[in-house]
Protein chains: 2
Amino acid sequence: MFINLSTDPNIKPRLVGELGDLSHAQVSSGEFKYGRGTEIFGEAEPADYIYQVIEGAVRTYKLLSDGRRQIGAFHLPGDIFGLDNGDFHRFTAEAIVDTTVRLVKRQSLERVAKSDPGLILSLLTMTTANLRHVENHILLLGCTTARERVAAFLLEMNGRLTSAGVIALPMGRRDIADYLGLTLETVSRMFGALERKGHLKFLDDSRQRQIVILNAAGLTELDAPRKHRRLKRKHTPSVG
Amino acid sequence: MFINLSTDPNIKPRLVGELGDLSHAQVSSGEFKYGRGTEIFGEAEPADYIYQVIEGAVRTYKLLSDGRRQIGAFHLPGDIFGLDNGDFHRFTAEAIVDTTVRLVKRQSLERVAKSDPGLILSLLTMTTANLRHVENHILLLGCTTARERVAAFLLEMNGRLTSAGVIALPMGRRDIADYLGLTLETVSRMFGALERKGHLKFLDDSRQRQIVILNAAGLTELDAPRKHRRLKRKHTPSVG
DNA sequence: CGAAATCTTGATAACGTTCAATATTCGTGG
DNA sequence: CCACGAATATTGAACGTTATCAAGATTTCG
């Protein structure tokens with residue numbers, strides 16, 4: 001089906017925030033539902049669509065050949081994923097829970113983009129936003145302790161899916177672990193430690209997925225034993 | 001100074017490969033030299049220029065407040081860095097050795113970009129290339145052992161700065177460690193282990209920075225003790 | 001030339017993983 | 001709708017990989 005995004009009131013508000021100048025573009029678009037745990041697209045598959053979460057949650061990840069998994073991002077309502085700017089997906093995407101997505105044919109986007117600098121600029125803006133997230137994640141994975149990672153994860157989620165002060169996590173400990181480069185046991189232990197310190201509490205939710213942050217400042221405290229201590233800096237750009 | 005890149009034979013060949021459609025753009029450009037160890041720009045500073053390495057090597061990194069450092073990338077001759085698509089740099093950049101860079105005023109790029117969709121597309125292409133690199137780095141930092149990281153580093157460098165089969169590393173063990181999320185001692189030990197296994201050898205270079213890969217296949221061997229073993233999957237894409 | 005930086009190697013320790021057991025809940029099929 | 005197997009989460013104990021601390025050898029470069 002073809003939808004003019006600028007005239008469909010149900011779609012425009014959702015997409016405008018992310019797609020910006022796409023608002024006057026004529027692109028082919030549709031909705032789809034994926035059951036909990038099902039694959040939306042696979043790594044290295046042709047990237048025919050880009051996706052936006054309407055409802056639910058999605059994980060995108062890479063696998064090593066021996067089964068080790070690294071989740072690159074969680075995608076929540078409003079988020080766009082599968083935007084690879086190339087012919088093939090670089091991640092696998094799976095629905096974490098029953099999920100509804102909007103999909104847009106990449107071909108139609110590119111057709112429009114040829115004559116619409118604003119759309120390319122929007123793609124650049126979204127890609128840059130991805131890049132920023134991934135860059136911060138590298139800092140997390142390369143430098144931080146288990147406690148710091150779990151705390152950072154909570155703060156990230158706190159900013160993204162809090163409703164009435166409660167974080168309702170759609171994903172399990174295993175997913176969190178694979179996002180943070182830890183094991184699920186370590187994630188569980190760090191949650192426990194943060195709870196004992198009074199930085200958070202669990203609501204009497206059966207699976208401990210409903211969390212309230214009690215002390216956000218406590219979560220930002222650094223924790224490194226003394227791993228590295230580089231301090232000096234030089235400042236003298238010399239002119240050629 | 002203003003240079004029309006499409007008519008300056010000394011500049012065009014270098015930039016065309018990376019900047020694509022910029023070749024017919026009129027942008028302000030110049031060259032600069034930075035001494036070994038000096039800062040080119042700092043994190044959160046205004047991003048007034050984008051840079052291309054002419055000669056030398058550059059590291060870009062983020063710091064935590066207690067001094068922990070994560071190097072995001074090494075930039076070698078031909079590479080463009082500082083392309084943040086925003087008003088501020090997200091990394092600090094330092095010359096690893098005496099380095100010559102070309103710099104291009106961002107303002108002039110943006111002026112041209114307004115009327116040149118091809119240039120924006122080039123920016124998108126370069127940003128996507130950055131993204132791909134960082135995504136792969138996340139997989140490395142989140143999932144792999146020390147030996148695998150050092151091996152992956154060598155293979156990356158092997159594809160980028162090999163001359164006559166010899167990798168001549170411009171950076172020290174500390175930089176490599178901060179790139180791989182390890183300590184310099186561990187990097188040193190892994191080099192030693194790989195040498196003992198016959199996968200590489202050092203040239204009698206005083207600082208062990210000249211390396212020859214003897215067995216690239218040996219370097220790609222996986223090494224995980226048995227950290228995670230997720231196996232079931234419908235179809236199985238994998239990066240080995 | 002000499003102080004600082006770099007790299008290696010060894011000994012010890014710690015953080016996080018691995019292995020294991022339990023309790024609870026989910027969700028699918030009878 | 002209940003029951004039962006599978007999935008999820010927590011916790012404990014032991015282990016292992018990598019960090020930390022330390023010393024020494026060599027080289028760089030100011």
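Every chain is numbered from 1, with letters handed out A, B, ... down the list of sequences. What you are looking at is a predicted structure, and each value in this text was computed from that prediction instead of being measured.
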Rounded distance in Å - [atom1] ([X]) to [atom2] ([N]):
X	N	atom1	atom2	answer
A:D175	D:dA7	CG	C1'	13 Å
A:R174	D:dA9	CZ	P	10 Å
B:F202	C:dT6	CZ	P	17 Å
A:L182	D:dT17	CG	P	18 Å
A:D223	C:dA14	CG	C1'	13 Å
B:I176	C:dT8	CD1	P	9 Å
B:L184	D:dT20	CG	P	10 Å
A:R147	C:dA14	CZ	C1'	17 Å

DNA chain C: B:M171 or B:R189, which has the more 5' nearest nucleotide? B:M171
Over 60° means perpendicular and under 30° means parallel, so tell me whether A:F153 and A:F74 are parallel, tilted or perpendicular. perpendicular
Over 60° means perpendicular and under 30° means parallel, so classify the ring planes of B:H133 and B:Y179, tilted if in between. parallel
Please tell me if A:R173 has a side-chain N or O lying less than 4.0 Å from either OP1 or OP2 of D:dT10. yes
It should be established whether B:T186 places a side-chain nitrogen or oxygen under 4.0 Å from OP1 or OP2 of nucleotide D:dA19. yes
Salt-bridged, [X] to [Y], with N to O below 4.0 Å?
X	Y	value
B:R189	B:E185	no
B:R147	B:D223	yes
A:R90	B:E135	yes

Exceeds 12 heavy-atom contacts within 6.0 angstrom, atom CZ of A:F32: no
Decide side chain to side chain contact (heavy atoms under 4.5 Å, CB included) for B:E43 and B:F88; before the verdict, give the C-alpha distance in whole Å, the side-chain angles of both, and the deciding distance to 0.1 Å. CA-CA 8 Å; B:E43 187 175 344; B:F88 300 96; over 6 Å; no
One would report the end-axis bend of the helix from C:dC1-D:dG30 to C:dG30-D:dC1, five pairs per end and rounded to 10 degrees, as 50°
Let's see if you get this right: which residues in residues 203-213 of chain A place a heavy atom under 4.0 Å from DNA chain D? A:R207, A:Q208, A:R209
Nearest of D:dA19, C:dT17, D:dT11 to any side-chain atom of A:R196? D:dT11
Which nucleotide, C:dC19, D:dA9, D:dT8, lies nearest any side-chain atom of A:E185? C:dC19
Who passes side chain to side chain contact (heavy atoms under 4.5 Å, CB included) against A:K105, sequence neighbours left out? A:S28, A:Y49, A:Q107, A:S108
Out of the candidates B:R59, B:R173, B:R69, B:R68, only one should pair with B:D178 under the side chain to side chain donor-acceptor pair (under 3.5 Å) rule; please name it. B:R69
